[in-house]
6 protein chains.
Amino acid sequence: MDVVTFGETMLRLSPPGHERVEAADRMDVRVAGAESNVAVTAGRLGAETAWLSKLPASPLGRKVAATLRAQGTTPEVTWTDRDDLRQGLYFLEQGGEPRGTTVHYDRQDAAVTTATADELAPAFVERAGYLHTSGITPALSETLAATTADLLELAQETGTTATLDVNYRRGLWSHEEARDTLEALFPDVDVLFVAERDARGVLDRTGDADAIARGLADEFAFGTVVLTRGEAGALAVRNATTVTQPVFETETHDPIGTGDAFVGGYLAARVDGGDVEDALAWGAATAALKRTIPGDVALVTRADVESVLADEHSGIDR
Amino acid sequence: MDVVTFGETMLRLSPPGHERVEAADRMDVRVAGAESNVAVTAGRLGAETAWLSKLPASPLGRKVAATLRAQGTTPEVTWTDRDDLRQGLYFLEQGGEPRGTTVHYDRQDAAVTTATADELAPAFVERAGYLHTSGITPALSETLAATTADLLELAQETGTTATLDVNYRRGLWSHEEARDTLEALFPDVDVLFVAERDARGVLDRTGDADAIARGLADEFAFGTVVLTRGEAGALAVRNATTVTQPVFETETHDPIGTGDAFVGGYLAARVDGGDVEDALAWGAATAALKRTIPGDVALVTRADVESVLADEHSGIDR
Amino acid sequence: MDVVTFGETMLRLSPPGHERVEAADRMDVRVAGAESNVAVTAGRLGAETAWLSKLPASPLGRKVAATLRAQGTTPEVTWTDRDDLRQGLYFLEQGGEPRGTTVHYDRQDAAVTTATADELAPAFVERAGYLHTSGITPALSETLAATTADLLELAQETGTTATLDVNYRRGLWSHEEARDTLEALFPDVDVLFVAERDARGVLDRTGDADAIARGLADEFAFGTVVLTRGEAGALAVRNATTVTQPVFETETHDPIGTGDAFVGGYLAARVDGGDVEDALAWGAATAALKRTIPGDVALVTRADVESVLADEHSGIDR
Amino acid sequence: MDVVTFGETMLRLSPPGHERVEAADRMDVRVAGAESNVAVTAGRLGAETAWLSKLPASPLGRKVAATLRAQGTTPEVTWTDRDDLRQGLYFLEQGGEPRGTTVHYDRQDAAVTTATADELAPAFVERAGYLHTSGITPALSETLAATTADLLELAQETGTTATLDVNYRRGLWSHEEARDTLEALFPDVDVLFVAERDARGVLDRTGDADAIARGLADEFAFGTVVLTRGEAGALAVRNATTVTQPVFETETHDPIGTGDAFVGGYLAARVDGGDVEDALAWGAATAALKRTIPGDVALVTRADVESVLADEHSGIDR
Amino acid sequence: MDVVTFGETMLRLSPPGHERVEAADRMDVRVAGAESNVAVTAGRLGAETAWLSKLPASPLGRKVAATLRAQGTTPEVTWTDRDDLRQGLYFLEQGGEPRGTTVHYDRQDAAVTTATADELAPAFVERAGYLHTSGITPALSETLAATTADLLELAQETGTTATLDVNYRRGLWSHEEARDTLEALFPDVDVLFVAERDARGVLDRTGDADAIARGLADEFAFGTVVLTRGEAGALAVRNATTVTQPVFETETHDPIGTGDAFVGGYLAARVDGGDVEDALAWGAATAALKRTIPGDVALVTRADVESVLADEHSGIDR
Amino acid sequence: MDVVTFGETMLRLSPPGHERVEAADRMDVRVAGAESNVAVTAGRLGAETAWLSKLPASPLGRKVAATLRAQGTTPEVTWTDRDDLRQGLYFLEQGGEPRGTTVHYDRQDAAVTTATADELAPAFVERAGYLHTSGITPALSETLAATTADLLELAQETGTTATLDVNYRRGLWSHEEARDTLEALFPDVDVLFVAERDARGVLDRTGDADAIARGLADEFAFGTVVLTRGEAGALAVRNATTVTQPVFETETHDPIGTGDAFVGGYLAARVDGGDVEDALAWGAATAALKRTIPGDVALVTRADVESVLADEHSGIDR
């Protein structure tokens, strides 16, 4: 496997259009999780990928695995029959401003919150090129925090490149909890992805973007730090060199999953032999494409990404 | 209030038609709960009704309350902000035989499982004509078992007629647990509704239907015992007299909630001044109508029920 | 034109599946009218047909005309800009037994209720082979009653065969009103279609089916009387000869419009040169097909009818 | 009751997306009326509200009442069985520019057009804090014009604050008719809401916005005049003091009902003890939220409004 | 007939919203073809129009004809029973930028590709005021290229004004193939419609827009050359005079078919007696309206176009 | 791999409910093919399965592969970029009797029709336990007929058990063509599945069911002959022993794919170590379940099948 990710994947239930959850009598059901989003994206762009997790042996759990398989990653799943372990859900309400888009989590007691490193197919980690997870995973339970530490350590030991996206979620933990837990994990992380907003708010960084990335790289000895900056693009520091990448203009139909698409594109480019500059470009192109696609997942093809990079798109292609 | 019910009400998520949950990318969302079904039905047929429960202060909880209000009962709800208390869900897959209709509960940690008698507006119980709940309620948590006992006792003390529908659910508890808990509640119950199947399987009754009803009435001093018998109709024993009621023929579009519709129709007739014979007839007519209506709830009118009783229906009314 | 029909055509709004109108938040919109149903059916089976009526010059009126055109008949419409004349609507709730299928009309002040014979393109009537209307038309307004009389008389004068389907609707008028009005029209009618139920209930006929048909033929000098008898099939009396036709077995997905499909099939066969026996067979086959098709209109092809008559159908054709 | 409103509420039928009514074969059904919109909005924001009207005792009428109940106001309805009184409808086609959004009314003979003051539960008016209606109501029929005058007078006599939103609809009456009728009602109105466009076009006002509001306040002795100015915000004159409020930026998914949302927010703030400045702010925030929500009704919560006022929203809340 | 068009009309299958074809489990089905789009548009604006083509005698072919009839043009169709001739399809994926809108053709072996001039009702061409086709038609097959030449020649002989829209599709042929074929047809064309982009890319024209149009008019002796220039509007050269027309601002819900709407509006104005200036204005107004309407076809009315020209539209019309 | 199948898989487009294709403006899109249906079914019941085929490198082709992967089989696909090779489609209209269910194929030039044995991953065939195809495959093109012969021969050589389902389709070839082609393949087939109807109609067999199966087994030296007999159940002859299996009663929501489900269940049981009796039972249970599930594919679980075999199902499971 080129890329192995682990984390929680939820069912996303959302009313059609901009309806309120309270008023909806139908919901669209999709499959969404930061780490599986990354695996799917990288997989569609050419990497061989797997997603490690734990799911309830129920129709809902099977739906998660089947969807990921369809979308292009291999779900390596520990199935549990325990009645008290659930499939995590989230309810999404897509409002416009000033209502905003609202996520209502219903993920407590998700099966994955009990997953230990042993359960999560560690052999896959050992043989993978990259191991990726996000800051959401250790936030979900003490067990998962320990599991995250164990798997990152295992990656470190076996030469698998460990990547982590900070991905702070205020619904899950406080800035302080996040910082403490994540900083303890950083020594085993090779590549850090972090939104500038989180670098400032959660990791307490100050200064301009470049200074933040360099500071993080220095302090925690990351091989690479990738700072995503919303409309301002992205920036990577590797070997004390800074590379920048502007965003591609995009029409946003569904913004959720943009960051995961970026990481998936980045990793696919690296697996493909690209350098950091290539990887930032693939990340940015994939992220721009994602925003045009409903759902959390970047259902893109390599041709789509290449077309964005070549700026070939021209309205209607017929 | 003529009829006050208490219990859990869930959101029901079901794929369109006969799709499998695993394969569905859309779900219909409805509101369903044995006791609120009864309240809605009785309310639509003329009784003034309320439903007592506890809900999370979330869009999902608000959806439950709003829907019940629309359907014709007053939700008297304790709202909770606790993050760890959920809105109960269930996923319904409507298969035909031999697949069967499958219910996948996702109701653990529902807010209502923490509801105490004090929270559930006991003043409403005191002033009500009828207090109704079902055997589902005490099965949901120890707290609810105690609450059920408290409210039934309160009804007994204040002269409110307490009614209970056994409503055994094998997904919630064993026959033995159910029998022990319910028999402890029976002394405070005036009217017992029980499916013949549950009377035999759960309450360990034997003999013919009449013998079962009489035996229960005698042993627990119920004012009335109503035995529902599926295709064989229903039978009530009151004051040592047996009344029987055949079923009305029906086309079944959604069988779920048939029993609740029966109880709602029965109680509405009693509130309206009808005797047990009238009440069985209303119950049977309402139950037959329910089976033609999608969702758990008998969205009927008094005119619908009267039309069934008068056998006026004739295909297409135009 | 082979067949010209006139009457009201409505928009039919119906909730999906078996939902109640009260609870529906979406409705399917279709186009439906007894006389246009007949025209469409006959048109699809080979006759050249037109439908005469009056519609509001509004999106709703245009929808009616466009749909009929698509389905295969020519709408010859007088368009009115009067603000106080509406497009007739009806709300359909498809219940199963014992709820029944319910039609809620919202057709008052329909533009067609003001249509005079002069407005309705009488030149079409003169040149047509058949002029068809139903007992619904004169029930809608005094103006339409007069218009019906005028057009039937015109047909009589110009040698156009006038056909009338009694089509009693209790929502529109009483048995007595219907009988009085229709019997006054009968002298100008050549072919009478009447359901046995209406012959008994509205036209006060008694005796067996054959006696009823013969009695009507004798009393009003109809060239042909066609009696439709539900599951018992149909029967026609022409030239003192009785022809009978059993029904074809059918799965019913939407029963509305069965009678119109029968008439359309009958007329198409007659236009095609068939005798009464052929016409009853085509009518019965078309009616059976209609019941499998959602909506009021028999969207059939000649090949469909021929397949039913040849009994070639065999489950899945692939 | 804190706020009682009266007027017509219609069913709104609209094709999905931007389809034309003429081409649509499905329609979404919603419930909409200027005055019930205000009641629902104020009710959701904390006021106790009722809506007075007259409805046909039909599935369509029941749908209106049920929906309002679900949305949070109490429908105090006179039900009529008269066959000739309808449920008002309107067909909405949501076009973009330059097609525009088109409303096709089908509301003639609505039951409410026959409602007298006696029928409309005048006891509710007497006990209410606020009585609200709009200029649409007296435009619907002579009876309603008289009823409006009667209820405003009753409010005046009983100390209920009477509020009126001019809400000019060119489909209902001319500028002159509107001005004559409304100016005759103004002496019994305490708070006037008027769009600057209508103040100029209908009430013949000239000068800048402040001069218009002050001129109206002086001439008709309104306690408060609130002038809504589209993108330019709103302005209120009370006790010879002018307060202004800019609009909140918003993404518009459905603009209909913006004005009603403004009034509902305004009234809720006043009921809550806010001053005119607070009320304008709540009005503006609620109006901005409304534009993000499909349907005519501002399905908002107090938390939503507070979030807009606090400018806390930030894209995706998770 | 005022306007007769010929060409291919396809079924368009597109996922709802912005879903990817790969992920869609439902598709909307519409009817679309450059030349039938023109006929429908002109027909709705007052011209009497027909569309000549060849279709398979199948449900899919019937759907095409029925839809065009509903939309307002007369399909004059040669029906074929040949099993190896298909109904052309195209799959449309509506992405936003940078994904773009993607058309996936599935039109090979379409019945129309075998249509000869004799099959296509040449009598209609002789009697028509205008004969219109587009550069798509001769690109579809050698047979159609010959047929196009034959019909244009026939038009020339019989005094029918022949109009051609270059409409280059890179999925069908190369620039060179297109130029060679089209230039061979130009001598029989009276009015040429060409996008500036195609004039440059395909016809190898250089210089400013006016020079291009004049150059084409001179070289090929066109009576009129209409150059469409996207956001820059349109320009026509007739009798050595240049007329220009800016675009009307529009919200784009579906851009496909804009050019056909322009041509349809242009031709309708000419048929109506308008001069080239009028025709450009109608074309531009119709094109602007089209972009607000889902589907390839400009489902507009004359009142819509007049409203745009009069600039009367104002947001919500009620 | 336990089971490898090869053949064509199509996209199935069908209108919702019982709508006619001609009148539908939406279609459901599913993935369907006799051989992939078998692979999916066997895969879901525990076998490791792959499906070999050739698909166009297009969104439609990718949809086929993704769906099969989601459903539980591994698509081993040769992707082609050739423009002239299509994704096969079929349009399904689900009528009731006497309309029947109609399949309209649009599969000509499907990519798979050009697949050679070399392209279809012959290594998979060599290593598989079972190789399955159906009589549809050789009917699709001469190339596929040769490919089928090649792969069956390869299976024979490498010890893979070759199974073939006659699956006659009259839309593809005549009885004679089918018989000639299939009988030439039979010597390399180990297990023959054939419907009694096809054994009689296509293979010209006479006598009772047992005689037919024995006759086929004798004449062509099949290891096993399985005769499916519709409502009469199934019968297998192996080693001169006859085993019979009645059908399980079922509610039919979608009959298409019943036969494939039977074969899939049969093979899964055999792979699982079951004998022919077990395999017939699994086949019959899976076939019964299939008929309750929309789409061509038996989306069943092993638990579902076991529940049918144990006759545990009882209406509503909750």
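Just so you know, these numbers use all the heavy atoms, side chains as well, and skip hydrogens, waters and symmetry mates. Naming: A, B, ... by sequence-line order, numbering from 1 per chain. As the structure is a prediction and not an experimental result, all values here were calculated from the model.
- Interface remark: of the candidates L299(F), D254(F), T252(F), L299(F) forms the most heavy-atom pairs closer than 4.5 Å to chain B.
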- request: Quick one: do Y266(F) and F193(F) satisfy ring pair (Phe, Tyr, Trp, His ring centres under 6.0 Å)? Show the steps, please.
  value: CA-CA 10 Å; Y266(F) 181 98; F193(F) 297 92; 5.1 Å; yes
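- At a 4.5 Å heavy-atom cutoff, the contact between R20(B) and chain F is made by side-chain atoms alone.
- Residues H175(B) and Y168(B) place their aromatic rings such that the two centres sit under 6.0 Å apart.
- Checked options T41(B), T286(B), N167(B); the residue passing with D260(B) is N167(B) (criterion: side-chain contact (heavy atoms from CB on, under 4.5 Å)).
- Highest contact tally toward chain F, considering only E22(B), E19(B), Q94(B), is held by E19(B) [criterion: heavy-atom pairs under 4.5 Å].
- The two residues V263(B) and H132(B) have their closest heavy-atom pair at CG1-CE1, 3.6 Å.
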